[in-house]
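Beneath this line is the structure, given in C-alpha cells, with notes to follow.
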Protein chains: 2
Amino acid sequence: MRANEKARIPRRHGNAFLLTQIGARAAQRYGERIGGIELTPAHSGLLFAIDREPGLSQQALAAKLDTAATRLVALLDDLEQRGAIERRRNPEDRRHNALHLTEAGAGLLDEVRAVAAAHERDVTAPLTEAERAQLHGLLTRIADHLGLTPGVHPGYRNYGGDCP
Amino acid sequence: MRANEKARIPRRHGNAFLLTQIGARAAQRYGERIGGIELTPAHSGLLFAIDREPGLSQQALAAKLDTAATRLVALLDDLEQRGAIERRRNPEDRRHNALHLTEAGAGLLDEVRAVAAAHERDVTAPLTEAERAQLHGLLTRIADHLGLTPGVHPGYRNYGGDCP
DNA sequence: TATTGTTATACTCTATAACTATA
DNA sequence: TATAGTTATAGAGTATAACAATA
C-alpha cells in the first residue's frame with residue numbers, strides 16, 4: 001500500500017519542491033544583496049513599479065501590486081525620507097498623492113538594477129547561456145500557468161497561507 | 001547612463017526573479033492543498049523527516065532541519081495529539097525522546113504524498129514529460145550551486161532575511 | 001456619504017531567553 | 001555543571017479596523 005503510493009511519485013525530489021526550495025533561497029540572497037544598499041526587496045519593488053508607471057496614487061499602486069494600501073505607507077515614507085520619491089499632491093483632488101521618482105531615485109534604481117543583475121548571474125551561475133534561455137522558456141510557461149503577473153513579486157500579494 | 005545600466009540586464013524578467021515568484025506561489029498552493037488535511041507545510045516536512053530517519057531526538061531532528069529545537073515542540077505536539085507520532089522516552093537517558101511514526105502516522109504520510117504528487121502535477125502541468133526531466137536537471141544543478149540540502153525545506157532554516 | 005491616506009490595534013510567527021528534569 | 005525538552009517573553013511583519021482630511 002505505501003510502496004504503491006510511493007510508486008506514483010515521479011521523482012524523489014520533484015520539480016515543485018525544488019522550485020520552492022530554490023525560490024526561497026534566491027529571495028533570501030536577494031534580500032541580503034539589496035540590504036547592502038539599505039533597502040529591502042519591498043522597497044526595490046516599489047522603485048521598479050513607480051518607474052514603470054509614474055504618477056499613480058497610493059491606492060492605485062497598491063491595486064497594481066495586489067496589496068493593502070496601508071502596507072505602502074511606511075515603505076514610501078522610507079523612500080521619501082531618502083529623497084528617492086516624491087508624493088505630489090494633486091491640486092484638483094487634494095486627497096491624491098501622485099508618486100514620482102526623483103533624480104536621486106532614478107540613480108538609486110540604477111543601483112538596484114545592478115544588484116539584480118549580479119543576483120541573476122549568481123543564481124544561474126552553473127548554467128550556460130543556452131541553458132539559461134532554455135530555463136527561461138520553461139519558467140515563463142509555468143509562471144503563466146500559475147497566473148503570475150510579470151514583474152509583480154508575490155510577496156506583495158494578499159494570501160492567507162504560510163510564507164514558506 | 002540609465003539606458004546603459006539597463007542594457008547590462010540580460011532579460012526583462014530574469015530567471016532569478018521568475019524562480020522567486022514561482023517558488024513563492026508554489027509554496028502558497030502547497031500550503032492550501034496540505035491545509036485540506038489539516039496540516040501545514042511544516043507538519044508535512046516533519047512527517048517526511050521522521051519517516052526518513054526514525055528514532056532521532058528532537059535536538060537531532062532540529063539540527064538536521066537546521067532550525068531551533070523550540071520550534072519543533074508545538075508541531076510535534078500537534079502530530080502526537082493526532083496520533084501520528086510517538087515520543088518514546090529513552091530508558092537509558094530519560095532526557096531524550098526518540099521520534100517515531102505510528103501506524104496512523106504512516107497512513108497520514110501516504111495522504112501527504114498523494115497531496116505532494118497532485119501538487120507536482122499541478123505546478124508542471126504545462127510541460128511535457130521530456131521538459132519536466134529537462135527542468136529537473138537544470139534545477140538540480142542550481143540547487144546544488146546554492147548549497148541546498150535535498151529534501152530540507154528552506155522554511156526551516158534560520159535566516160535573518162525577509163521571507164519573500 | 002464616499003474616498004485617500006494615515007495611524008492604531010490585534011494577530012501570527014519565530015527567535016531568544018528562562019525554566020524543569022534528568023544526568 | 002551540562003544537556004534535552006518545554007514554556008515564557010519579546011520582536012518583526014502584516015492584516016484589519018478606526019481615523020482625519022477632502023470631495
Side-chain angles (χ1 to χ4, degrees), chain A residues 24 27-28 31-32 34-35 39-46 50 55-81 85-100 153-164, chain B residues 24 27-28 31-32 35 39-43 45-46 50 55-81 85-100 153-164:
Chain A
Q28 178 239 339
E32 288 169 359
I34 208 75
L39 291 176
T40 68
H43 290 110
S44 75
L46 289 184
I50 294 171
L56 291 180
S57 70
Q58 297 183 197
Q59 293 283 344
L61 179 59
K64 294 266 181 197
L65 298 175
D66 200 6
T67 192
T70 55
R71 237 181 116 177
L72 302 186
V73 178
L75 294 168
L76 293 171
D77 284 350
D78 296 338
L79 293 173
E80 191 177 38
Q81 189 169 3
I85 64 146
E86 281 175 352
R87 296 193 239 225
R88 296 189 196 153
R89 184 139 272 168
N90 183 340
E92 295 181 357
D93 184 342
R94 298 186 26 222
R95 292 173 303 182
H96 291 73
N97 289 333
L99 298 170
H100 292 273
H153 195 287
Y156 284 110
R157 301 213 46 170
N158 269 328
Y159 302 132
D162 297 287
C163 156
Chain B
Q28 178 240 338
E32 289 170 358
L39 292 176
T40 67
H43 291 110
L46 289 184
I50 295 172
L56 290 179
S57 70
Q58 297 182 198
Q59 293 283 345
L61 179 59
K64 293 266 181 196
L65 297 175
D66 200 6
T67 191
T70 56
R71 237 182 115 176
L72 301 185
V73 179
L75 294 168
L76 293 171
D77 285 348
D78 297 338
L79 293 174
E80 191 177 40
Q81 189 171 2
I85 66 146
E86 280 175 352
R87 295 194 238 223
R88 296 191 197 152
R89 184 140 273 166
N90 184 339
E92 295 181 357
D93 185 341
R94 296 185 29 222
R95 291 172 302 183
H96 290 71
N97 290 333
L99 299 171
H100 291 274
H153 195 286
Y156 285 110
R157 303 212 44 171
N158 269 328
Y159 304 135
D162 296 290
C163 154

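As the structure is a computational prediction, the values presented were derived from the model and not from experiment. So you know, we letter chains A, B, ... as the sequences are listed, proteins then strands, and number each from 1.
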Phosphate oxygens OP1/OP2 of D:dT6: is one of them under 4.0 Å from a side-chain N or O of B:Arg87?
yes
Counting side-chain heavy atoms from CB outward, which of D:dA4, D:dT6, C:dT16 is closest to B:Val73?
D:dT6
Can you check the [X] [atom1] to [N] [atom2] distance for me, whole Å?
X	N	atom1	atom2	result
A:Asp66	D:dT14	CG	P	15 Å
B:Gln58	D:dT7	CD	P	11 Å
A:Leu75	C:dT7	CG	P	14 Å
B:Leu61	D:dT6	CG	C1'	16 Å
A:His96	C:dT6	NE2	C1'	15 Å
A:Gln59	C:dG5	CD	C1'	7 Å
A:Arg71	C:dG5	CZ	P	17 Å
A:Asp77	C:dG5	CG	C1'	11 Å

When A:Leu76, A:Leu72, A:Leu79, A:Leu46 are each screened for side chain to side chain contact (heavy atoms under 4.5 Å, CB included) with A:Leu99, the one that passes is A:Leu76
Grab the two heavy atoms, one from [X] and one from [Y], that are nearest each other, plus how far apart they are.
X	Y	result
A:Gly55	A:Ala98	O-CB, 3.6 Å
A:Glu80	A:Arg87	OE1-NE, 3.2 Å
B:Asn90	B:Glu92	OD1-N, 2.9 Å
A:Gly31	A:Pro41	CA-CG, 3.8 Å

Output a table of nitrogen or oxygen pairs between the protein and nucleotides 19-23 of chain D separated by less than 3.5 Å.
{"residue": "D:dT22", "atom": "OP1", "partner": "A:Arg94", "partner atom": "NH2", "Å": "3.2"}
{"residue": "D:dA23", "atom": "OP1", "partner": "A:Arg94", "partner atom": "N", "Å": "2.9"}

Indicate, with a heavy-atom threshold strictly under 4.0 Å, whether A:Thr70 touches base, sugar-phosphate, or nothing.
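A:Thr70: base contact, heavy atoms under 4.0 Å.
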Is the shortest heavy-atom distance from the side chain of B:Gln58 to the side chain of B:Leu61 under 4.5 Å?
no
Is there a side-chain contact between A:Asn97 and A:Arg89 (heavy atoms, below 4.5 Å)?
yes
Side chain to side chain contact (heavy atoms under 4.5 Å, CB included) filter on B:Arg95, not counting sequence neighbours, yields B:Asp93
Based on the rotation axes of five pairs at each end, what angle does the helix from C:dT1-D:dA23 to C:dA23-D:dT1 bend through, to 10°?
30°
